[in-house]
Amino acid sequence: MIMWNQSNHMTPMREIHFGRGLVAVAKMEAENPSGSHKDRAIGIKIRSLLETGQIGNGPQTIIMSSSGRAAISGAEYTAGIPGVKFVVISDKLSPEALIRPLRNFAHVELIVVDKPDSTGSHLSERLAVLESLKLANPGAIILDQYSDEILPLAYRDSLVSEIENQIGLDSAVIFIPVGTCALLKAICDRKREKRGRRWIVQPVDAEGSRLFHDCPGKRYFSGYGNAKPTPFAQRAWSFAAPIWVKDIEVARMARWLLTGANLKVGPSSAATAAGFVKVAWNSDRVPHDAIAVLIFPDYGDAYDDTIFNDEWLMDHGLGKAISAP
């Protein structure tokens, strides 16, 4: 197993062999302090609020809509800042293992909504609650994952720069699970800045997500996909046609990665790998001289009750993933 250009200041890359000569390197973002790639952007955002004096000098409320990982990062980075109250709006689609840690922070107020739309998404209800809280707290700071330009800048100057340093190659296909699309925009922006770079930026989305098309259908996993287009998706400069993956493909891949690669990852990471395997034999998507880089946002310990639970999979029509090869 090759570990690619490791450094104490970088999350590692791990080479994964999928069989029949199919190889990619996964960027292991769970190695960030709060356990996911969200740590980078949220940490920088909180530091900017401190440096500009918007927080830390008296009572202040921060409000955030999040399915889990970003909220954990926000809670950890705001803990101990005098006067800060951190309000998180989450939903029933989020695993309990991601919601539970938020209850341990004295400064966090947690609101969990349960009003899904036809796709299974709770985003519309979360945003409605957010709007009502804004009206009730006119001086509150809204931590906006969908349009705050500091977030793609943070990813560009940290995660994207690390990838450049680690792979050491100009030709790459970067597979990204998309949700808010802040990271997608960051990588597209870097590609535009370096005009000679032969990068293919490859989004991986959920079937039933409406980020890039109006697709009916229900989805059961959080962490990737979205109920509507986001400002970041609309402002991303240049990327390949999205790869849409089904829940059953994601569940199968999560199970295979656990047994075949000794990696326990969450649905967004499994979706990225499933998208890669789905198109890997297509030279238009993965040129023979390019390295495939898979962004793995987090590990899978939070999903023991869902994607790694046989009974849950069967209850949700995904039982075929249990004995996946």
Side-chain angles (χ1 to χ4, degrees), residues 1-16 23-48 69-70 72-74 76-77 145 148-204 223-224 232 236-240 257 261 263 265-266 268-273 275-276 286 289-299:
M1 187 68 69
I2 299 173
M3 300 297 282
W4 289 71
N5 295 352
Q6 306 310 325
S7 162
N8 291 334
H9 305 292
M10 297 181 180
T11 58
M13 277 187 165
R14 177 169 173 179
E15 192 170 88
I16 302 175
V23 182
V25 290
K27 180 70 167 161
M28 306 303 295
E29 285 293 283
E31 298 297 321
N32 281 298
S34 61
S36 83
H37 74 306
K38 299 284 188 179
D39 183 276
R40 299 175 182 272
I42 301 302
I44 288 174
K45 177 62 180 179
I46 297 301
R47 286 195 292 273
S48 75
R69 293 290 185 185
I72 292 173
S73 296
E76 291 194 359
Y77 279 108
Q145 293 192 76
D148 188 336
E149 284 293 340
I150 199 172
L151 305 185
L153 287 173
Y155 285 130
R156 187 198 66 185
D157 294 339
S158 60
L159 175 52
V160 182
S161 293
E162 285 185 18
I163 292 172
E164 291 177 318
N165 291 332
Q166 286 172 302
I167 63 175
L169 297 170
D170 281 340
S171 183
V173 186
I174 304 177
F175 290 78
I176 315 157
V178 286
T180 70
C181 291
L183 179 55
L184 174 67
K185 184 177 185 301
I187 298 179
C188 288
D189 286 350
R190 179 65 91 194
K191 179 180 177 180
R192 177 169 53 184
E193 292 167 2
K194 302 203 172 184
R195 297 181 184 275
R197 185 174 297 285
R198 294 182 297 141
W199 277 7
I200 298 173
V201 184
Q202 181 61 75
V204 180
Y224 65 105
F232 289 143
W237 174 71
S238 176
F239 52 86
L257 286 167
L263 275 176
V265 300
S268 54
S269 300
T272 308
F276 164 66
V286 187
D289 62 342
I291 184 170
V293 178
L294 316 182
I295 306 297
F296 276 16
D298 60 11
Y299 287 141

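Nothing here was measured: the structure is a model prediction, and the numbers come from that model.
- Closest non-hydrogen pair, C188 versus V201, comes out as SG-CG1, 4.0 Å.
- Put simply, the side chain of I167 reaches to within 4.5 Å of the side chain of M13, judged on heavy atoms.
- Looking at every heavy atom in both residues, S238 comes nearest to K191 through OG-NZ, 3.8 Å.
- Among L294, I295, T272, the single residue meeting the side-chain contact (heavy atoms from CB on, under 4.5 Å) criterion with I174 is I295.
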Let's go through K38 and T180 carefully: what are the C-alpha distance in whole Å and the side-chain angles of both, what is the deciding distance for side chain to side chain contact (heavy atoms under 4.5 Å, CB included) to 0.1 Å, and is it a yes or a no? CA-CA 11 Å; K38 299 284 188 179; T180 70; 3.8 Å; yes
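- In terms of the side chain to side chain donor-acceptor pair (under 3.5 Å) criterion, residue partners of N32 (sequence neighbours excluded) are, by chain and number, E29.
- Minimum heavy-atom separation, R190 to W199: CG-CZ3, 3.9 Å.
- Shown here for Q145 and F232, the closest heavy-atom pair between the two residues is O-CE1, 3.1 Å.
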With side chain to side chain contact (heavy atoms under 4.5 Å, CB included) as the criterion, how do Q202 and V286 come out once you've worked through the C-alpha distance, each side chain's angles and the decisive distance to 0.1 Å? CA-CA 10 Å; Q202 181 61 75; V286 187; over 6 Å; no
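- Atoms OG and CG, from S269 and D298 in turn, are 5.0 Å apart once rounded to the nearest 0.5 Å.
- The structure places CD1 of I42 at 11.0 Å from CZ of R47, a figure rounded to the nearest 0.5 Å.
- Expressed to the nearest 0.5 Å, how far OG1 of T11 lies from CD of Q166 amounts to 6.0 Å.
- To the nearest 0.5 Å, the span separating CG on N165 from CE on M10 amounts to 4.0 Å.
- Shortest non-hydrogen contact noted between R156 and S161 is O-OG, 3.2 Å.
- Relative ring orientation between F276 and F175 is described as perpendicular, the plane-to-plane angle rising above 60° on a 0-90° scale split at 30° and 60°.
- When all heavy atoms of A186 and Y155 are compared, the pair lying nearest together is CB-CB, 3.6 Å.
- With rounding to the nearest 0.5 angstrom, the CD1 atom of I176 is 9.5 Å from the CZ atom of F239.
- With respect to the salt-bridge test (charged N to carboxylate O, under 4.0 angstrom), the residues R40 and E162 qualify.
- Under the side-chain contact (heavy atoms from CB on, under 4.5 Å) criterion, A154 pairs with A41, I44, not counting sequence neighbours.
- For S34, the side chain to side chain donor-acceptor pair (under 3.5 Å) criterion is met by D39, S73, not counting sequence neighbours.
- Interatomic distance, NE2 of H37 versus CZ of F296, reported as 13.0 Å (0.5 Å rounding).
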